Amino acid sequence: MNAIVVSALLGVVMMFAGLLFKNSKQVQWTALIGIFILMGVSIFDNQLISTQGSKSYFNMIELTSFTSWFNVLITFCATSYFLLFHKQIAGVGINKAEYFALMFFILSGVYLLSSYSNLLILFIGIEILSIPQYILAGSDKENVKSTEASLKYFLMGSFSTGILLMGITLLYGATGSFDIMSNQFTTQFTQVNSMSSLAIVGILLMVVSFGFKVSAAPMHFWTPDVYDGTPTAFTPFMATIVKVSVFVAFIRLFHFSFGSVSHAWQITIVSMIALTLLIGNVTAVYQTSVKRMMAYSSIAQAGFMLFAIFAINATSWKGITLYSVTYTLASLGVFAVLIKMKDYTFDGFNGLAKKQPVLAITATICLFSLAGIPLTGGFFAKYYVLMAAVEQGTMLWIVVFAVLMAAISVYYYFRVIMSMYFKQGEAELIEEATTIEKTLLIINATIIIALGILPSVLMR
Amino acid sequence: MLLIILILVPIIGGLVSFLTKNNSQLPALGTSLITLVATLFGAFTYYNGHAPIAIDASWIPSLGANFALNINSGLQVLMLTLTAIIFPLVYLFMHGNELENKSTFYGLMSLAQAGLIGVFLANDALVFYIFWELALIPVYFLSSLFGGENRIKVTFKFFVYTFVGSLLLLVAFLIIYNHTTDHSFAWTSFVESGKSMSGSMQNWMFWLVFLAFAIKMPMFPFHTWQPDAYEQSATPVTIVLSAIMVKMGLFAVIKWLLPVLPLGVLHWTHLVTILSIIGIIYASCLAIVQTNIKRLIAYSSIAHIGLMIATLFAQNQLGTQGVAIQMFNHGINIMGLWLLVLAIEKRLGTQNLNEMGGLAKLAPKFTIALVLISLANIALPLTNGFIGEFMMFNGLFQSTSQYHIVFTIIAGLGVILAAVYTLGMIQKIAFGELKNNEVVFADLSTNEWIVLMIIMGIILWLGFCPNVLMSLVS
């Protein structure tokens, strides 16, 4: 609970910091101090919950040990993002402090989404999460693509929010309650046969709007353009931290409230998984720009995370936790190298290993993790979500299909590695990486490998 | 402790090699010799007492995954010894060869060794799977960095092929794991879990597991990556691929398929046998018409492996023992052949058989080694290849299938074809007219000669006293 308040306050502080500090360095430092404070607060929250047990606030927000632990992890990811990208964030445009402020607001939305127990909070969380993103997407005002991304994102996003509202309305109509933990709500979802048609349509609308936010096919069309058009400093934030927190909101609602009627909606999720994996992976193969490839790869990775929703059991919670962290850290690592490049195409990476061995090796480890090679965290992330699907026992073909798609993903991830290591060329950087940046990248890669050896440290 | 040393020492050697600028072969060679000593020590401990050596430490308790390694079969001892022998010999043979990016090469080679040893030691499915993948990564980089013009494309094809297989294997392991009663990845639990599955389930599970191994071995028709990859990789890397990595597939069939899914294996025995016998004939015929020496040896390797697969699926004791012996001997022989290819490449700069010829006059030592190793490769009596091949045919003939005579006869044709292409190869390389008078073909240098002497020594020793191998695998 403290984290929600503090993150919102930090957003306000950052806005004032923009008035006080004219120097970009000072703004960045304020933001960094802010995120570390937030990290401390979330750890404090976690301690509080683990000593006192789950806590409910006005039947609106419920902090459980999982939720508070997830908040710690997601704040950790946000901290890594701030550390790796703060210079580039401040370099996007003139309103430096506001970008950071918007991100703190987004984080506040993230905390709401991970801990809501009321559909109204879910709606507010999604909105707090989305609106700053529309602004961030369009923050490079000189660039037409950025404006296009913002407009596209805004139109599509508000459309999906409308669907979410419709879903919430229908669910309210069916149950007479917004409180997803209350008996009044859950008793409506104990048996498939006894569900009213209002409830069924409501659930499907929720699936669609969540699918929108996590860029699952066939609601993925906005993703490549938005991720590609958005300034590269913001794309990793949108593709990782925001996306995984929507996933947690997704699994929270579907496990706690609709878990017993999974037969009603499982087939929808399975078709979404199959489509998402197919479209994400196959289209990524044909990209020439690494940034756009990463956008499609984020669609493909969402396909794997959907397995946690499909399976709905204890393992899927472990899976989504591990997947969130490893996917986020690995994507951040790749983007941190990408943002240094002058040329975003695959050929722009040619010969990077010779010139910048540290950047190349850390990017390689991150790409290994995204591809799911053992001894990186990505392997166990895929392992847990697939295990969850195998455990629930039905429709094993989708697991086989998923690993075949993972094999396709190797193609485009390894194209980057091939460019860096095996091809001749003069990879040009915008600016040299400083020692601190290199150290951070190495630490990031080390964490990914550590998670590949001992994934259980993330499980609570 | 011994088992930890076996894996850790090459890793350390690899990392040190990466960091050294000059003489990076020294840490690799040094650690590979330490590994050799440790392996031989383990082999003798096992050989004398037949006492299993094992460690079993809790790794991810919530999954029931243990870091479990062991040596408790003669096959494991043979494979470990093979791995331990090959690396130092290759390093020694390459001493004096000029090489770009030396530190990368030796570093990756050592890491590959660690991965391979891990595969042969693993007694826990998750550990096995991880090493299975890890052995692939350094080899992928090695093949892509060192070799012919098309190496990047070809190696990537190889990587994707094997990766698809591995991922399906992962799914199979997940299903078997989910079926275990004690939720454990231990080999014994896997055997019990697999056996308790219904016949129809084992039938389709078989392919999820077998595909990975079939691609790695490779078995016809999953072999298409292999000739290209062997040809395009630098020859020392080809040695790792063909002498050891291929054996991973066979080893995995023996340890992780035959006992785990017995009904599935039974159901598909005929299909697999027929495919591998087609593979023998097909690969032998292709080997005869090759003009590139590396492709010729690659196809001969497919033919040899085909016989081993067919015998394995005949499922009798004699045959399986023969396969174990042949896996070791094939590794030794094919390494010898590749080293000779390496010597030719270094001197003539070609792989084309038509550009060679008449080397016997110039290089007697080289020719002696070539003839002896080639003869061992076609399993002439009194060479090491004979005993294993004899036992395999015996085993194939005793298979319970009603077509066992047909299988044996057709597979026997492979032996004749092997003689055709191998003797043809010797003739083209060593005898006849000198094709290129301008090139001076220097005979083997001291270090090369020593390495080949050791290999020839092994060939003759095991040819005269095959008992050593027999008592290890029985």
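What you see is a predicted model, and the numbers here were worked out from it, not measured in a lab. In the text below, chain A, chain B and the rest are named by the order of the sequence lines, each starting its count at 1.
Neither the backbone nor the side chain of Phe131(B) comes within contact range of chain A; no heavy atom of the residue lies under 4.5 Å from a heavy atom of that chain. Interface remark: Ala371(A) contributes backbone atoms only to the contact with chain B (heavy atom separation under 4.5 Å). For chain A, no part of Leu136(B) is nearby; none of its heavy atoms comes within less than 4.5 Å. Looking at Leu134(B), only its side chain comes within 4.5 Å of chain A, counting heavy atoms on both sides. Contact of Ile130(B) with chain A is made through backbone and side chain together, with heavy-atom distances under 4.5 Å. Neither the backbone nor the side chain of Phe401(A) comes within contact range of chain B; no heavy atoms are under 4.5 Å apart. Contacts of Met418(A) with chain B are made by side-chain atoms alone, with heavy-atom separations under 4.5 Å and no backbone atom involved.
Here CD1 of Ile417(A) is found 5.5 Å from CZ of Phe141(B). Values are rounded to the nearest 0.5 Å. Here Ile453(A) contributes atom CD1 and Phe67(B) contributes atom CZ; the two are 10.0 Å apart, rounded to the nearest 0.5 Å. With rounding to the nearest 0.5 Å, the separation of CD1 in Ile137(B) from CG in Leu375(A) is 9.5 Å. Rounded to the nearest 0.5 angstrom, Ile60(B) CD1 and Met459(A) CE are separated by 8.0 Å. Note: Phe414(A) CZ to Phe156(B) CZ = 7.0 Å, rounded to the nearest 0.5 Å.
The shortest non-hydrogen separation linking Ala407(A) to Leu167(B) is N-CD1, 3.7 Å.
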Let me see the donor-acceptor pairs closer than 3.5 Å between chain A and chain B, or none if nothing turns up.
residue	atom	partner	partner atom	Å
Val390(A)	O	Asn178(B)	ND2	3.4
Ile453(A)	O	Trp59(B)	NE1	2.8

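Contacts with chain B were tallied for Leu386(A), Leu396(A), Val410(A), Leu454(A); Val410(A) has the most, counting heavy-atom pairs under 4.5 Å.
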